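Whatever order the structure lists them in is the order used to number ligands and atoms, beginning at 1. It should be emphasised that the depicted structure is a prediction, and the values quoted were computed from it without experimental measurement.
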Amino acid sequence: MSVVPRARAGSRSRNNVSVPADLITIAEARERVLAAVSPLGHERIPVADALDRVLAGAVHAIGDVPPFPASAMDGYAVRAGAAGRELAVVGESRAGSPSEHDLQEGEAIRISTGAAVPSGATAVIPQENVEARDDRIVTGAAVSEGEHVRAAGEVMRTGTAVLAGGVTLGPAELGAAVAAGAAEVEVALRPRVHVLCTGDELREPGAPLGPGEIYNSNGPMLAALAAHCGALAAAPQLLPDDRTATEAGLEAALEAAEVVIVSGGVSVGPHDHVKPALTGLGVREVFWGVALQPGKPTWFGVRGDRLVFGLPGNPVSAAVTFSLFAAPALAALQGIAVQPRTGAEAVLGVPVRRNRRREQALRVRLERRDGATVAVPNGPQDSHVIVSLLGADALALIPPGEGSLEQGARVALARLPR
Ligand code: AMP
Ligand code: MG
């Protein structure tokens, strides 16, 4: 990629970030990625297997919840009325065993929380509000109609859309789906992801390191990021800096997965083989080069329905570019409506030196101060400092320009999956 002379005019994209003409903005890159994605389709699975899956369509209640008027207290089902009434206890309604008795004036039926309120009863009086004498009670307080009774359909009515399509199913969503009557849910297929890490210097976790060698930290990190975005990530694979091996690894990955993520080797060094290998395999380049720090040499291409992300090798660059470009693609593949920008903002907690030509993605911690969300850089920001990702809450996007962005300036936030 050519170095852009200072005097050269920049292009102004629709999000108003001015960048060098041969690089595209983060927003433009995300739009191009999202334009290349079609949702994968869906399958029906038991609710118990659906944790973290994305709903393909709304879940509607198949009946009222609760299905019957139910007691909210342990006590007595009665007719509403004044304090001081003496009532005959004529039966019991337990959770799961309703009383068949049709309650009359002058009667009470012992009732447990969650048990069906018998017909004829209009209220429940808690047991602490009565004085019990053998098979009779005296009400110690007035009780009004509907008191301590959960109305049928109070939580959801038959036909209510309890969960919307596109929602990720967490524990509460699974519970709500079952309460609504669902045994199975229609969920998006999980994208299959293959992570390939290029670099002769890379060794598997824990292996002894020879001279000049480092651990392949990107492999497990990128596979884990993909898994947290709902993907089925295969074991990451190492590739040497060799054209033939790179091409063979990429071809196998393209056959096995909808999304291929390659780390390293996307620049223009003599040992960077990813770009020519991908071109040789018929993967069409959609972009190469984003006005982003860190992550300038990010590459994205497509072959049919396959998406290929070439991410720079520095660990922070890999994590940042995954978060900005691959994560939205994985979401969109699962039918989640993704916006190019999150709309979230914060104010800067410290002044930040701007990059003249590129938007910076700072790893920040978010703090609440005087009602504002304040973004504080999470330690040194160089692209090899992997520990700057630890405990980071988001990426703060600093527009390019001269000088510094002052403390208190508003900045856009991007999501950092973790
Ligand atoms: P590259 O993008 O291949 O030029 O690599 C840039 C830097 O990132 C170099 O210092 C590499 O050693 C380092 N790097 C590349 N791949 C990985 C990886 N999988 N894990 C950790 N560091 C890496
Ligand atoms: Mg390399």
Side-chain angles (χ1 to χ4, degrees), residues 1-3 23 29 193-228 231 233-250 252-253 257 259-279 283 285 287-301 308-327 358 360-361 363 379-390 392 417-418:
M1 206 174 336
S2 62
V3 173
L23 300 177
V193 170
H194 265 232
V195 173
L196 302 171
C197 296
T198 70
D200 285 339
E201 75 279 30
L202 302 177
R203 288 292 167 268
E204 299 287 5
L209 294 180
E213 294 178 347
I214 60 169
Y215 291 116
N216 171 21
S217 54
N218 288 352
M221 177 181 68
L222 291 169
L225 280 166
H228 271 190
Q237 200 187 328
L238 274 180
L239 292 178
D241 289 318
D242 164 85
R243 169 74 189 261
T244 312
T246 301
E247 231 176 82
L250 282 167
V259 179
V260 177
I261 294 177
V262 199
S263 118
V266 283
S267 295
V268 286
H271 308 294
D272 292 334
H273 299 287
V274 170
K275 262 166 42 74
L278 284 167
T279 314
V283 183
E285 178 178 307
F287 64 78
W288 177 49
V290 181
L292 164 64
Q293 183 190 36
K296 177 174 155 187
T298 304
W299 192 95
F300 172 65
V308 182
F309 294 89
L311 308 182
N314 271 308
V316 175
S317 314
V320 164
T321 53
F322 178 97
S323 305
L324 290 173
F325 309 118
R358 290 183 276 154
Q360 283 177 81
R363 279 75 65 212
Q381 297 284 320
D382 309 78
S383 59
H384 63 291
V385 185
I386 192 168
V387 293
S388 72
L389 293 165
L390 301 178
R418 42 193 320 213

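- The ligand atoms of ligand 1 that sit less than 4.0 angstrom from a heavy atom of Ser263 are 16 (N), 19 (N).
- Closest to atom 7 (C) of ligand 1, if we only count protein heavy atoms, is Asn314 OD1, 3.5 Å.
- From the protein, the heavy atom lying nearest to atom 17 (C) of ligand 1 is Asn218 ND2, 3.4 Å.
- To the nearest 0.5 Å, the span separating CD on Glu204 from SG on Cys197 amounts to 9.0 Å.
- Note: no N/O pair closer than 3.5 Å links Ser267 and ligand 1 by distance alone.
- The option with the heavy atom closest to atom 3 (O) of ligand 1, from among Gly265, Pro236, Ser217, is Gly265.
- In this structure the side chain of Val316 never reaches within 4.5 angstrom of the side chain of Asp382, judged on heavy atoms.
- Proximity to Glu201 (heavy-atom distance under 4.0 Å) selects the following atoms of ligand 1: 11 (C), 12 (O), 15 (C).
- Arg363 places a side-chain N or O within 3.5 Å of a backbone atom of Ala361 that can act as its donor or acceptor partner.
- Ring orientation note: the planes of Phe287 and Phe325 are nearly perpendicular, at an angle over 60° on the 30°/60° scale.
- Atoms CG and CD1, from Leu225 and Ile261 in turn, are 8.5 Å apart once rounded to the nearest 0.5 Å.
- Across Gly310, Ser383, Gly313, Pro297, heavy-atom proximity to atom 15 (C) of ligand 1 is greatest for Gly313.
- Heavy-atom proximity to Tyr215, at under 4.0 Å, picks out these atoms of ligand 1: 20 (N), 21 (C).
- The protein atom (non-hydrogen) at minimum distance from atom 22 (N) of ligand 1 is Ile214 CD1, 3.5 Å.
- Put simply, the side chain of Pro312 reaches to within 4.5 Å of the side chain of Thr321, judged on heavy atoms.
- Against a heavy-atom cut-off of under 4.0 Å, Asn216 is close to the following atoms of ligand 1: 18 (C), 19 (N), 20 (N).
- The distance from the OG1 atom of Thr198 to the CG atom of Asp241 is 5.5 Å, given to the nearest 0.5 Å.
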